[in-house]
Amino acid sequence: MVRLAPCQECPSHQPSKVSKVRGFSTAMDHSHVHHHHIEPTITQDHHKTVRGSANIVNNGAGIQITFPISSNPNTPTTGTETSFFHASWLWSNDPDAVHPTSGQRLRSMSTFQRGWKVEMATVLSSSMVKTLQRNDITGVPLSPPPGCLHPIGTVYQLDEYGPHDAATNEGDSEWLHIVWTNQLTGSKSTSLFDLDWLQACRYDECALQRRDRETSIVPDTTLKRGDKLCEVQFGEWNATGAIRERARFDLLNSIFRDGATIIKGAPLLLPNSHEEVVGAVGKSLACGGLSHGSLYGDVFHVEAQPNAHNIASTSFELPPHHDLVYYESKPGLQLLHCVNNKGVSGGSSTLVDAFAAALAFKNMAPDLYEVLLKCEATFVKQRKNADMVYRKPHIQEDSTGSVVRVDWSPPFEGPMSVHPDLVDDYLLAYAAFERLLDKSLPRDTFLLPLPTSLEQQLMDYAIEHTWEQKLEMGDILIFSNQRMLHGRGAFRISSNGPDNGRHLVGCYTNIDDTLNEFRLLRRKYAVPGSYHRVAGNGSSGMI
């Protein structure tokens, strides 16, 4: 039996009798339910009570859902949380309007505008759903697995990552049953949502704050001076079966959590192969492919040479920067394999987390931060066989104000093209942000027309949040080129050895292929339904 929320048109009405199962909008006083024309037939279940509930609000324009919550999925419910869902949102995500194996929508969201509204909202247990007749469908649907953004559970049926194949709806699964009515035609329709799925997809203010809290990259938890990166031994990556798969997950998880990781003990070439190690590792982290190879090749070499086409191929210092910012989407990962470092003085690799730096800059100098949000920089690569130009702001936010993209590469900037009234503001904001990013700038004097206390804060941040380490031969440094700025100290090569030199072999991966690889592995190894940090590609963090 079920209990119904009072009708929204008569909020003071109290049903004369109610059932023990919460959420069903029909009272035993049938004289009051003249609004509801469809009443699903439900077999009473005296052994289970539903813990969620649903109330229609705004005359069918939405539903207020109360969810049970627990600090641990294996413990009893410890409380509830409530969230509002627009009827239009629920209509757009109706599981019955999704193709069962592809997950693609079968109707346009705009069809909601043709007179539909919620007439009845009910939270049911799985045992109640078994007896529910709706749209000529019987039985309990397969629940979406944790982390699935499709409202149905059949999309993963043939997935090689097996845990979700065993998804079952026996036990405590609860479902939101909706009866829709069309005010223009009088026709009816029904929907059945898995309550856990709705809870994971909440978009109320508290849910958005939680997403921001768990996915944002903040200065307090980012990579700092003296930190040790997570390391994976080459032998683990080069193993077979579960050991190799776990090593790939550990690498990607470290990259998306910390921004970078290191493989230790890599050889120059793969055993029994002429393929360079870095290319094979890169492919294993991005669904089998490398990217952005048109300028320097899929696998490239970084060593000092005369008449270099890139300052990286000199012995000069490299300031913190992203690579290939003149692309619409710069590379996702960059891998650098140190194959020679004999007789080299200097040349330490540096990393700075651009996302944490942007948030710190927002807190220290909000007015200057706003300038970098709205003024576009010109990123350029022009030489023989290359003519690439892209204009975009240095920092981009999503609708909640969270940083979702940073582009910074002083060596590859061309003439600015901003409104004349913003030129001076832009140059000051640019110089202040650079002061926060680049610890190699002079510290013995104040350079900017800013309060000295602010400039000191900027300089101190650069020192404290620059990771620096000289790579050893056999190291493969892997970092997110969407998130981390990388650089290098100037170096000198001793002339006392014929094999002396600094030689890195590198490659790039595409951010979308890399994220795809990571999210597939997360299905097996991550906490189900947990968030991962923003990837830097302009998208907010996702489960």
Here's a test for you: under ring pair (Phe, Tyr, Trp, His ring centres under 6.0 Å), which of Phe379, Tyr369, Phe361 qualifies with His394? Phe379
If you look only at pairs with a residue in residues 315-335, which of them pass as a salt bridge (charged side-chain N to carboxylate O under 4.0 Å, His left out), with sequence neighbours excluded? Lys330-Asp407
Can you list the residues that meet the salt bridge (charged side-chain N to carboxylate O under 4.0 Å, His left out) rule with Arg213, with sequence neighbours excluded? none
Could I get the full list of salt bridge (charged side-chain N to carboxylate O under 4.0 Å, His left out) partners for Arg202, not counting sequence neighbours? Glu81, Asp204
Evaluate Glu303 against Asn340 for side chain to side chain contact (heavy atoms under 4.5 Å, CB included), listing each step before the verdict. CA-CA 10 Å; Glu303 51 188 336; Asn340 190 13; over 6 Å; no
Please confirm whether the backbone N or O of [Y] pairs with a side-chain atom of [X], one donor and one acceptor, at under 3.5 Å?
| X | Y | value |
| --- | --- | --- |
| Ser313 | Ala308 | no |
| His150 | Cys148 | no |
| Lys392 | Val325 | yes |
| Thr509 | Leu333 | yes |
| Arg533 | Gly259 | no |
| Trp91 | Gln113 | no |
| Thr378 | Gly414 | no |
| Ser291 | Asn510 | yes |
| Glu455 | Leu447 | yes |
| His337 | Gly506 | no |

If I take atom [atom1] from residue [X] and atom [atom2] from residue [Y], how far apart are they, to the nearest 0.5 angstrom?
| X | Y | atom1 | atom2 | value |
| --- | --- | --- | --- | --- |
| Arg502 | Arg488 | CZ | CZ | 5.5 Å |
| Phe256 | Leu515 | CZ | CG | 4.0 Å |
| Leu373 | Ile395 | CG | CD1 | 6.0 Å |
| Thr350 | Lys439 | OG1 | NZ | 7.5 Å |
| Phe491 | Leu318 | CZ | CG | 8.5 Å |
| Leu359 | Ile217 | CG | CD1 | 10.0 Å |

Where [X] and [Y] come nearest, the two heavy atoms and their spacing:
| X | Y | value |
| --- | --- | --- |
| Ser349 | Leu477 | CB-CD2, 4.3 Å |
| Pro528 | Pro146 | CB-CB, 3.5 Å |
| Ser88 | Ser92 | O-OG, 2.7 Å |
| Thr445 | Arg435 | O-NH2, 3.1 Å |
| Val232 | Ala247 | CG1-CB, 4.2 Å |
| Val344 | Gly346 | CG1-O, 3.7 Å |

I want to check something: taking the side chain as every heavy atom from C-beta on, are [X] and [Y] in contact at a cut-off of under 4.5 Å?
| X | Y | result |
| --- | --- | --- |
| Thr261 | Leu229 | no |
| Asn93 | Arg105 | yes |
| Leu427 | Met416 | yes |
| Leu368 | Leu428 | yes |
| Tyr426 | Leu372 | yes |
| Thr514 | Glu517 | no |
| His532 | Arg519 | yes |

Between Arg210 and Glu214, does any side-chain N to carboxylate O distance fall below 4.0 Å? yes
Side chain to side chain contact (heavy atoms under 4.5 Å, CB included), that's the test. Do Ser284 and Arg244 meet it? Break it down for me. CA-CA 10 Å; Ser284 76; Arg244 178 184 174 94; 3.8 Å; yes
Donor on one side chain, acceptor on other, Ser254 and Asp258, under 3.5 Å: no
Pair His292 and Tyr327, ring centroids less than 6.0 Å apart: yes
Would you please indicate if the ring centroids of Phe479 and His322 are separated by under 6.0 Å? no
Could you walk me through whether Val403 and Lys362 pass the side chain to side chain contact (heavy atoms under 4.5 Å, CB included) check? CA-CA 10 Å; Val403 176; Lys362 183 177 185 178; 5.7 Å; no
According to ring pair (Phe, Tyr, Trp, His ring centres under 6.0 Å), who are the partners of Phe85, at least two apart in sequence or on a separate chain? Trp89, Tyr203
Residues at least two apart in sequence or cross-chain that pass ring pair (Phe, Tyr, Trp, His ring centres under 6.0 Å) with Tyr296, listed by chain then number, are none
Determine whether Tyr326 and Gln382 satisfy the following criterion, side-chain hydrogen bond (donor to acceptor under 3.5 Å, both in side chains), listing intermediate values before the conclusion. CA-CA 10 Å; Tyr326 35 79; Gln382 288 180 316; over 6 Å; no
A cation-pi test, strictly: NZ or CZ of Arg225 under 6.0 Å from the centre of the six-membered ring of Trp467 and no more than 45 degrees from its axis. Yes or no? no
More than 12 heavy atoms of other residues, nucleotides or ligands under 6.0 Å from [atom1] of [X]: yes or no?
| X | atom1 | result |
| --- | --- | --- |
| Arg492 | CZ | no |
| Ile243 | CD1 | no |
| Asp424 | CG | no |

State which residue, out of Leu336, Val277, Ile262, Leu471, fulfils the side-chain contact (heavy atoms from CB on, under 4.5 Å) condition with Ile476. Val277
The single option from Lys224, Arg483, His465 passing side-chain contact (heavy atoms from CB on, under 4.5 Å) against Asp353: Arg483
Donor-acceptor pairs are to be reported for all side-chain atoms of residues 536-543 against protein atoms at under 3.5 Å, with residues two or more places apart or in another chain.
| unit_1 | atom_1 | unit_2 | atom_2 | d |
| --- | --- | --- | --- | --- |
| Asn537 | OD1 | Ser539 | N | 3.4 |
| Ser540 | OG | Asp398 | OD2 | 2.6 |

Under 30°, 30 to 60°, or over 60°: which ring-plane class applies to Phe249 and Phe518, parallel, tilted or perpendicular? parallel
Take Arg383 and Leu295, measure what side chain to side chain contact (heavy atoms under 4.5 Å, CB included) needs, and give me the verdict at the end. CA-CA 10 Å; Arg383 60 169 173 81; Leu295 293 178; 4.1 Å; yes
